[in-house]
Amino acid sequence: MLENPFEYYPGGGRITRFDEVDFKSKRVFLRVDFNVPMKDGKITDDTRIQSVVPTIKELQEKGATVVCASHFGRPKGKVDPKYTLEPVAERLGELLSADVLFADDSVGNAVIRQGKELRTGSVMVLENLRFHKGEEENSETFATQLSQVADIYVNDAFGACHRAHASIDKLPRLFKIKVAGRLLEKEIAAMSQIMFKPHRPMVAVLGGAKVSDKVKVIESLMIKSSKILIGGAMSYTFLRALNVSVGSSRVEADKINLAKKLLERAKESKCELVLPLDHVCGASFDKPGEPLVSLNAHILDNSMALDIGPKTVELFKNSLEGAETIFWNGPMGVFEKPPFDKGTNEMAKFIGEHKAQTKVVGGGDSVAAVKKAGLEDGFTHVSTGGGAALEMIEGVKMPGLEALKKV
Ligand code: ADP
Ligand code: MG
């Protein structure tokens with residue numbers, strides 16, 4: 001791990017470290033990412049809550065009171081009970097084995113009063129920030145209202161750092177002391193290590209829905225990796241670029257030329273792009289019917305490739321031999337629909353057991369696939385940020401980190 005996780009972030013050396021701050025008797029505004037998956041009012045995966053528990057506990061031990069704030073879903077600037085954070089506050093209480101106070105708004109006199117009355121070490125969760133339009137509009141007024149509940153700002157919301165919203169951008173700028181939290185340190189360190197100090201050789205495994213989502217990620221990885229293995233829907237645009245007929249598989253027709261260019265550029269960068277040899281096909285996305293394995297040259301016209309085939313799984317496994325860093329983003333197929341999850345599961349298992357020094361998975365769906373297979377422990381880092389993790393790979397500046405810089 002990097003000693004200073006922000007060393008490689010553009011200008012990042014100027015971000016105040018958690019260890020430098022005296023939190024005693026201070027009220028902390030802790031921006032977290034509690035945007036958890038929920039079904040019928042029940043949390044289906046509490047990883048994002050669990051992952052900030054260490055930060056909260058450390059703040060408690062250091063004598064602070066903690067006010068947690070997050071967005072949740074897309075209530076579009078209006079109060080919508082469907083998107084209340086109350087169940088999250090309850091779950092946090094269970095994880096901390098302590099009472100957690102829930103404030104039914106994020107701003108206003110009542111909330112400020114509740115904040116002031118908190119005893120040292122206690123924790124409060126504010127209602128969904130997105131119940132106010134000002135959050136997504138990055139409103140200065142909303143940020144000013146939010147700032148009144150605390151003395152110090154801590155950002156531990158890696159998954160939200162790529163968005164210039166009020167609690168991420170405008171708000172920290174209003175505080176004298178603004179700090180990166182423990183989760184943020186961990187996420188930035190893991191992603192920076194891959195990009196700037198990888199154990200070589202590095203092999204990237206990319207999949208998922210669209211080439212267009214991942215162009216910059218591919219370009220960026222190409223320079224650092226010896227190979228990029230490409231599966232998932234994305235691979236069909238590349239195969240089309242090589243004149244392979246792919247039946248009715250998902251192809252981005254307007255990105256075929258771009259795929260050709262990426263194939264060329266990879267050659268120049270001495271990075272091998274490894275594409276699938278065979279596929280598990282179905283009749284259609286919604287009604288796949290009986291799975292049928294087809295080699296590249298034999299995908300039927302009316303058939304849609306929904307997973308990588310067994311020969312490709314073997315090829316990909318062989319291509320990972322000797323890798324010391326593996327970065328994975330994007331499932332190899334439609335993993336939500338068994339049996340088309342097989343390629344993804346086999347790759348997850350193989351990478352999970354691989355002896356590479358660094359194994360990182362990032363991306364909403366790929367992380368969900370790894371969790372579904374119960375293989376998180378096989379990775380050195382499982383990122384809690386989907387889009388944010390990819391932006392780190394792209395090497396772009398993130399609003400959340402920019403706003404933490406000392407001025
Ligand atoms: P991540 O969130 O990990 O970055 P993406 O969002 O790019 O991944 O892609 C995930 C989606 O891609 C999943 O919903 C999956 O069903 C879909 N997908 C993967 N392979 C295929 C395929 N062959 N055909 C259609 N959809 C696919
Ligand atoms: Mg996704």
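Numbering of ligands and ligand atoms starts at 1, following listing order.
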Could you list each N/O atom of ligand 1 together with any protein N/O atom closer than 3.5 Å, one pair per line with the distance?
unit_1   : atom_1 : unit_2 : atom_2 : d
ligand 1 : 2 (O)  : Gly364 : N      : 3.4
ligand 1 : 2 (O)  : Asp365 : N      : 2.8
ligand 1 : 2 (O)  : Asp365 : OD2    : 2.9
ligand 1 : 3 (O)  : Asp365 : N      : 3.3
ligand 1 : 3 (O)  : Ser366 : N      : 2.8
ligand 1 : 3 (O)  : Ser366 : OG     : 2.4
ligand 1 : 4 (O)  : Lys214 : NZ     : 3.2
ligand 1 : 4 (O)  : Asn329 : ND2    : 3.1
ligand 1 : 6 (O)  : Asp365 : OD2    : 3.0
ligand 1 : 7 (O)  : Ala209 : N      : 3.2
ligand 1 : 7 (O)  : Lys214 : NZ     : 2.8
ligand 1 : 9 (O)  : Ala209 : N      : 3.0
ligand 1 : 12 (O) : Ala209 : N      : 3.3
ligand 1 : 14 (O) : Glu336 : OE2    : 2.5
ligand 1 : 16 (O) : Glu336 : OE1    : 2.7
ligand 1 : 16 (O) : Glu336 : OE2    : 3.3
ligand 1 : 20 (N) : Ala233 : N      : 3.1
ligand 1 : 23 (N) : Ala305 : O      : 3.0

> Is a side-chain donor or acceptor of Lys227 paired with a backbone partner of Ala204 at a separation under 3.5 angstrom?
Replying inline: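 No, the answer is negative, given that no donor and acceptor are paired below the 3.5 Å cut-off.
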
> Got a donor-acceptor contact below 3.5 angstrom from the Asp151 side chain to the Arg27 backbone?
Replying inline: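 Yes, because the side chain of Asp151 sits within donor-acceptor range (under 3.5 Å) of the backbone of Arg27.
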
>> Is the positively charged end of Lys337 above the ring of Phe285, judged by distance under 6.0 angstrom from the centroid and angle within 45° of the axis?
In response: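 Output yes; distance and angle both within limits.
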
> Mind checking whether Phe23 and Phe18 have parallel, tilted or perpendicular rings, split at 30° and 60°?
Replying inline: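 Taking Phe18 first and then Phe23, their aromatic rings sit tilted (interplane angle of 30° to 60°).
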
> Per the ring pair (Phe, Tyr, Trp, His ring centres under 6.0 Å) rule, which among Tyr8, Tyr9, Phe6 passes with Phe196?
Replying inline: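 Checked Tyr8, Tyr9, Phe6 against Phe196; only one passes ring pair (Phe, Tyr, Trp, His ring centres under 6.0 Å): Tyr8.
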
> Which pairs pass side-chain hydrogen bond (donor to acceptor under 3.5 Å, both in side chains) with one or both residues in residues 278-294, sequence neighbours excluded?
Replying inline: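 For residues 278-294, and leaving out neighbouring residues, the side-chain hydrogen bond (donor to acceptor under 3.5 Å, both in side chains) pairs sorted by first residue read Tyr236-His279, Asp278-Thr312, His279-Asn296.
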
>> By the side-chain hydrogen bond (donor to acceptor under 3.5 Å, both in side chains) test, which pairs, at least two apart or in different chains, include something from residues 43-64?
In response: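 Of all non-adjacent pairs touching residues 43-64, those that pass side-chain hydrogen bond (donor to acceptor under 3.5 Å, both in side chains) are Asp33-Arg48, Asp45-Thr47, Asp45-Lys371, Asp46-Gln50, Asp46-Arg91, Thr47-Lys371, Thr55-Asp156, Glu58-Lys62, Glu58-Arg182.
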
> Do Phe350 and Phe316 have ring centres separated by under 6.0 Å?
Replying inline: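 Here the rings of Phe316 and Phe350 have centres that are no less than 6.0 Å from each other.
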
>> Could you enumerate the protein N, O or S atoms under 2.8 Å from the Mg ion (ligand 2), written like residue then atom name?
In response: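 Hits for the Mg ion (ligand 2) below 2.8 Å: Asp365 OD2.
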
> So does Arg173 pair up with Asp169, basic N to acidic O under 4.0 Å?
Replying inline: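 Between Asp169 and Arg173 there is a salt bridge, with a charged N closer than 4.0 Å to a carboxylate O.
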
